[in-house]
There are 2 protein chains.
Amino acid sequence: MIKLSKKIEYGILALQYIAVHSDKIVSAKEISEQMGIPYEFLSKTLQQLMKKGLIVSQHGIKGGYILGKNANDMTVKDIIIALEGKASFLDCFVSSNGLICDRSPNCTIKDPMEKLQSKVMQVFNTTTIAEIATI
Amino acid sequence: MIKLSKKIEYGILALQYIAVHSDKIVSAKEISEQMGIPYEFLSKTLQQLMKKGLIVSQHGIKGGYILGKNANDMTVKDIIIALEGKASFLDCFVSSNGLICDRSPNCTIKDPMEKLQSKVMQVFNTTTIAEIATI
DNA sequence: TTAATATCCGACTATTGTAATCCGATTTTA
DNA sequence: TAAAATCGGATTACAATAGTCGGATATTAA
């Protein structure tokens, strides 16, 4: 299947919510309730985004999250990489030399697929949270 | 994960192989051996492509497959739809009215994600087997 | 100083979808 | 009529996703 995982969907929803409510600190509970996302799962996702610097956390009773950088500088590709470590279509693109599957190194689709992938990644890399948050 | 399934990877590989060897009928066994794809799984994939007209089958001892239409008119999107029925990022885009998940109809990411998706689909829709087969 | 509320973190379970396999039927050609 | 191919349903195996649970830590406010 060619689709975005729930984790990425939730990540985008959360970042959008935090961006729209940038005048205050937003808690995971608030996002969970307002966006209809399972609380525990969302918490995990937010912690991952925090570790990658996309958001900044504040502990304690008045705690929550704010954006870690400008929404204009935060792309969908950033989110995918923060939450899944990579953003690639085929497994062979994960390693640096590309020699993973049986067909390597004489794979006939590696080069054309790499071009296809870079085109798609360019779309992800030019779509920002600022765009998504502006409704 | 944002990645292409093995089925789609195999489908692209098979179509590429058939396109390159368009001077003859190519059997599933030959593709399986040459491309290193599990025979039974590949057979199923080829049957799906056949049902959608991307390839034409020939029964019997000298049987196999040839392209069902010009490689220039066969896009990656065609392959994805033939093998998975749809080509969408989020589940809510599957239905025509988009009212599936909890957030509908007031979902705040549906519209921006729909734009993102259409951009990606345009990439898939403008990449042909002819391009992929020309190495 | 203590209770409340929040993030943080590891481990675990449940579910789903993918990938692969098995078995047999049908078709065509030599 | 035997061999080699496609066809098709059912089943199994496996991996990744999605979600849950329990508890530790940090911060604030009463």
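Quick note on labels: first sequence line is chain A, next is B, and so on, each numbered from 1.
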Exercise. Please report, rounded to the nearest Å, how far the P atom of C:dA6 is from the NZ atom of A:K24.
Key: 12 Å
Quiz item: Could you state the CG-P distance from B:L83 to C:dG17, rounded to the nearest angstrom?
Solution: 17 Å
Quiz item: Is a side-chain donor or acceptor of A:Q58 paired with a backbone partner of A:I25 at a separation under 3.5 angstrom?
Solution: no
Quiz item: Any N or O donor-acceptor pair linking the side chain of A:K44 to the base of C:dG10 at under 3.5 Å?
Solution: yes
Quiz item: Can you check the A:I66 CD1 to C:dA6 C1' distance for me, whole Å?
Solution: 15 Å
Quiz item: Is any side-chain N or O of A:Y65 closer than 4.0 Å to OP1 or OP2 of C:dC8?
Solution: yes
Exercise. Find the distance B:Q47:CD to C:dT26:P and express it as a whole number of Å.
Key: 15 Å
Exercise. Looking only at side-chain atoms of B:K6, point me to the closest of C:dA19, D:dA18, D:dT6.
Key: C:dA19
Practice problem: Using heavy atoms to find the nearest nucleotide of DNA chain D for A:P38 and A:G60 separately, return the residue whose nucleotide is more 5′. | Solution: A:P38
Quiz item: What's the closest nucleotide to the B:I61 side chain, out of D:dG8, C:dT29, C:dC9?
Solution: C:dT29
Quiz item: Got a donor-acceptor contact below 3.5 angstrom from the B:S118 side chain to the B:K115 backbone?
Solution: yes
Quiz item: Considering only D:dC7, C:dA19, D:dT6, which nucleotide approaches the side chain of B:M50 most closely?
Solution: D:dC7
Self-check item: Between P of D:dT6 and CG of B:L46, the distance in whole Å
Solution: 8 Å
Exercise. Establish, with yes or no, whether the OP1 or OP2 oxygen of C:dG17 is under 4.0 angstrom from a side-chain nitrogen or oxygen of B:S5.
Key: no
Quiz item: Of the nucleotides C:dC8, D:dC21, D:dA4, which one has an atom closest to the side chain of A:S57?
Solution: C:dC8
Quiz item: Which residue, A:D73, A:D78, A:N72, forms the side-chain hydrogen bond (donor to acceptor under 3.5 Å, both in side chains) with A:T75?
Solution: A:D78
Exercise. Count the heavy atoms of every other residue, nucleotide or ligand shown that sit under 6.0 Å from NZ of A:K51, and state whether that count exceeds 12.
Key: no
Quiz item: What nucleotide among D:dA5, C:dC9, C:dT29 has an atom nearest to a side-chain atom of B:K62?
Solution: C:dT29
Quiz item: Could you state the CD1-C1' distance from A:I37 to D:dT20, rounded to the nearest angstrom?
Solution: 16 Å
Quiz item: Whole Å only: how far is the CD atom of A:E40 from the P atom of C:dT13?
Solution: 16 Å
Quiz prompt | Atom pair distance, as rounded to whole Å: CZ in A:F41 and P in C:dT15 | solution = 16 Å
Quiz item: Toward the 5' end of DNA chain D, which comes first, B:H59 or A:Q58, by nearest nucleotide?
Solution: B:H59
Quiz item: Using a cut-off of less than 4.0 Å, is there contact between a side-chain N or O of A:Y39 and OP1 or OP2 of C:dT7?
Solution: yes
Self-check item: A:V120 side chain near B:F124 side chain, heavy-atom distance below 4.5 Å
Solution: yes
Exercise. Show your working on salt bridge (charged side-chain N to carboxylate O under 4.0 Å, His left out) between B:K44 and B:E40 and close with a plain yes or no.
Key: CA-CA 6 Å; B:K44 286 275 183 294; B:E40 300 284 357; 5.5 Å; no
Practice problem: Check whether any side-chain N or O of A:Y10 sits under 4.0 Å from OP1 or OP2 of D:dT17, and answer yes or no. | Solution: no
Quiz item: OP1, OP2 of C:dT5 versus side-chain N and O of A:S27: anything below 4.0 Å?
Solution: no
